[in-house]
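Have a look at the structure below, then the notes.
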Amino acid sequence: MLNRPHYIGRFAPSPSGPLHQGSLVAAMASYLDAKAHHGRWLVRIEDVDEGRSVPGAAEAMLALLRSLGMDWDGDVVWQSQRKQLYQAAADRLGAHVYPCGCNRREIADSRLGTAPDGSAIYPGTCRNGLAPGKTMRSLRVRVPDMRVPDAAGTAGIISRPATATSSPAIPADAGLIAFTDRAAGYMAQHLATESGDFVLKRADGFWAYQLAVVVDDAEQGVTDIVRGADLIDSTPRQIYLQHLLGVPTPRYLHVPVVRNADGEKLSKQTGALAVAPDNEGQALRALQAAAAFLQLPVAQTDAISTFWQAAIPAWANRVGLSCAPG
């Protein structure tokens, strides 16, 4: 297997409920990729949205990972304990951020469209300052304006007035964020038309996922992110923040998400059952199911340790790594 210098991967679950089979698939993929590269595998609890955190869920997840033979490197990091880092990052962004006084109904009524992840594309109402009588509800980061072809094929401009606080350091084409996903290949997104100025701090006072994940990955030195494909549309926004903050952009690999019989992504909201093995046999069945979903030809085994001994080279072969010993 290939030694990629300083490989650091991570699994970052949200403790909004017990770990289910879809979460296990994401955990397994990130764990196997780190092990196949002879790298470090970190675990971070993404509890920045403290209102959604279920008491005891994070501890149960950690205990389950241990029972499944997925030992992590270093200390577990908790986002709820890192608020000062997010504030410092927002301060560093300076003129790239601005206060927004719009509520959800106002955004829905004036949105430019719907982003790939289902969120409303913000039209930049508060870009030039809060309207009289408005107070700050959230903090947004401005994305670059850009020229786009109109229906006649000529160059049109997004209707957002330039401001004195716009940064000249960002080129006109910076609104097109492109990256190569290790599974999906070339991906690109125009932030102005597919995202809009997005939230860094929410109206409820919690820091937004997009900022927290960028700050944490940079601070922990993460080089490779392996996660579910439902997050691929968030990646351009995170890369944009990485550019603004001057931190490295990791490699990305987005794996398919597990869906239920109705085609919905497995989640707490869709009633996904918890992975809760009572013995090693049940744990092995859960691991085998996750490996099968990832199309890994791992033979039946009677021990968790031997499962991983087979799964790591199977993953290495699946993603095109050599199987030289590390």
Side-chain angles (χ1 to χ4, degrees), residues 6 8 10 12 42 44-50 74-75 77-102 115 119 122 124-130 135-146 160-179 189-192 194-225 227 231 233-252:
H6 312 301
I8 300 177
R10 50 78 161 172
L42 311 179
R44 181 171 72 231
I45 301 299
E46 296 201 332
D47 60 342
V48 67
D49 186 348
E50 297 176 64
D75 296 329
V77 165
W78 301 70
Q79 285 188 334
S80 58
Q81 301 172 5
R82 299 163 69 82
K83 298 173 186 176
Q84 72 281 2
L85 295 179
Y86 310 142
Q87 181 64 62
D91 292 342
R92 284 172 55 196
L93 291 173
H96 293 293
V97 301
Y98 62 90
C100 176
C102 299
S119 60
Y122 183 66
T125 307
C126 297
R127 265 194 160 203
N128 294 324
L130 295 173
T135 58
M136 172 179 166
R137 292 177 55 85
S138 62
L139 188 69
R140 291 183 181 271
V141 61
R142 65 182 75 245
V143 302
D145 292 327
M146 58 167 285
R160 291 198 184 128
T163 68
T165 55
S166 296
S167 172
I170 299 186
D173 62 351
L176 177 64
I177 301 295
F179 68 101
Q189 190 179 103
H190 286 102
L191 293 183
E194 298 182 70
S195 167
D197 298 344
F198 54 94
V199 171
L200 298 186
K201 193 173 189 179
R202 301 176 353 188
D204 57 14
F206 295 131
W207 291 101
Y209 164 76
Q210 306 295 358
L211 178 67
V213 72
V214 167
V215 171
D216 290 336
D217 286 337
E219 194 273 338
Q220 293 187 278
V222 171
T223 63
D224 288 76
I225 294 175
R227 60 188 181 185
L231 292 170
D233 290 324
S234 290
T235 305
R237 278 171 282 178
Q238 293 165 18
I239 293 174
Y240 178 62
L241 287 176
Q242 291 158 5
H243 290 172
L244 292 183
L245 291 168
V247 299
T249 295
R251 291 198 311 172
Y252 290 94

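As a basis for the values below, the full set of heavy atoms in this structure was taken, side chains included, without hydrogen atoms, waters or symmetry mates.
- No side-chain heavy atom of L191 sits less than 4.5 Å from a side-chain heavy atom of L176.
- No side-chain heavy atom of Q242 sits under 4.5 Å from any side-chain heavy atom of V215.
- Side chain of T223 to backbone of I8: a donor-acceptor contact under 3.5 angstrom is found.
- Proximity of a side-chain donor or acceptor of R10 to a complementary backbone N or O of I225 within less than 3.5 Å is not detected.
- At least one donor-acceptor pair under 3.5 Å links the side chain of D47 to the backbone N or O of Q79.
- Between Q210 and V213, the shortest heavy-atom distance links the atoms O-CG1, 3.4 Å.
- Proximity of E46 to W78: side-chain heavy atoms (C-beta onward) are nowhere separated by under 4.5 Å.
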- Task: Mind running side chain to side chain donor-acceptor pair (under 3.5 Å) on T235 and R227 for me, showing each step along the way?
- Result: CA-CA 11 Å; T235 305; R227 60 188 181 185; 2.9 Å; yes
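- The pair K83-E50 counts as a salt bridge, with a side-chain nitrogen and a carboxylate oxygen less than 4.0 angstrom apart.
- Inter-residue side-chain proximity for L130 and T135 is flagged as unmet; no heavy-atom pair is nearer than 4.5 Å.
- Under the side chain to side chain contact (heavy atoms under 4.5 Å, CB included) criterion, D49 pairs with R52, R202, F206, not counting sequence neighbours.
- Of all the heavy atoms in P236 and D233, the pair that sits closest is CD-O, 3.5 Å.
- At least one side-chain heavy atom of L245 sits under 4.5 Å from a side-chain heavy atom of V214.
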- Message: Test side-chain contact (heavy atoms from CB on, under 4.5 Å) on V199 and L139; report intermediate values, then the result.
- Response: CA-CA 6 Å; V199 171; L139 188 69; over 6 Å; no
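- With hydrogens and angles left out, the side-chain atoms of Y98 and N128 include no donor and acceptor closer than 3.5 Å.
- Once rounded to the nearest 0.5 Å, the distance linking CD1 of I45 with CD of Q81 reads 10.5 Å.
- When the ring pair (Phe, Tyr, Trp, His ring centres under 6.0 Å) test is applied to F179, the partners found at least two apart in sequence or on another chain are Y252.
- The minimum heavy-atom distance linking R142 with Y240 is given by the pair O-OH, 2.8 Å.
- The pair D224-R251 counts as a salt bridge, with a side-chain nitrogen and a carboxylate oxygen less than 4.0 angstrom apart.
- A192 and P144 make their closest contact through CB-O, 3.5 Å (heavy atoms, listed as atom of the first residue, atom of the second, distance).
- Contacts of R137 classified as salt bridge (charged side-chain N to carboxylate O under 4.0 Å, His left out), with partners at least two apart in sequence or in another chain: none.
- By the neighbour-count criterion of 12 heavy atoms within 6.0 Å, atom CG of D91 is densely surrounded, having more than that number from other residues, nucleotides or ligands.
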- Task: Starting from the C-alpha separation in whole Å, work towards a yes-or-no answer on side-chain contact (heavy atoms from CB on, under 4.5 Å) for V222 and D216.
- Result: CA-CA 8 Å; V222 171; D216 290 336; over 6 Å; no
- Task: Decide side-chain contact (heavy atoms from CB on, under 4.5 Å) for S138 and K201; before the verdict, give the C-alpha distance in whole Å, the side-chain angles of both, and the deciding distance to 0.1 Å.
- Result: CA-CA 5 Å; S138 62; K201 193 173 189 179; 5.9 Å; no
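- Relative to the six-membered ring of Y122, R140 meets both conditions, a distance below 6.0 Å and an angle of at most 45° to the axis.
- Minimum interatomic distance between A90 and V97 (heavy atoms only, all atoms of both residues): O-CG2, 4.2 Å.
- Counting only N and O atoms by type, the side chains of Q220 and R44 include a donor and acceptor under 3.5 Å apart.
- Proximity of a side-chain donor or acceptor of D197 to a complementary backbone N or O of G124 within less than 3.5 Å is not detected.
- If you take SG on C126 and CE on M136, they are separated by 10.5 Å, rounding to the nearest 0.5 Å.
- Counting only N and O atoms by type, the side chains of Q189 and E194 include no donor and acceptor under 3.5 Å apart.
- In this structure, the side chains of F198 and L241 come closer than 4.5 Å at one or more pairs of heavy atoms.
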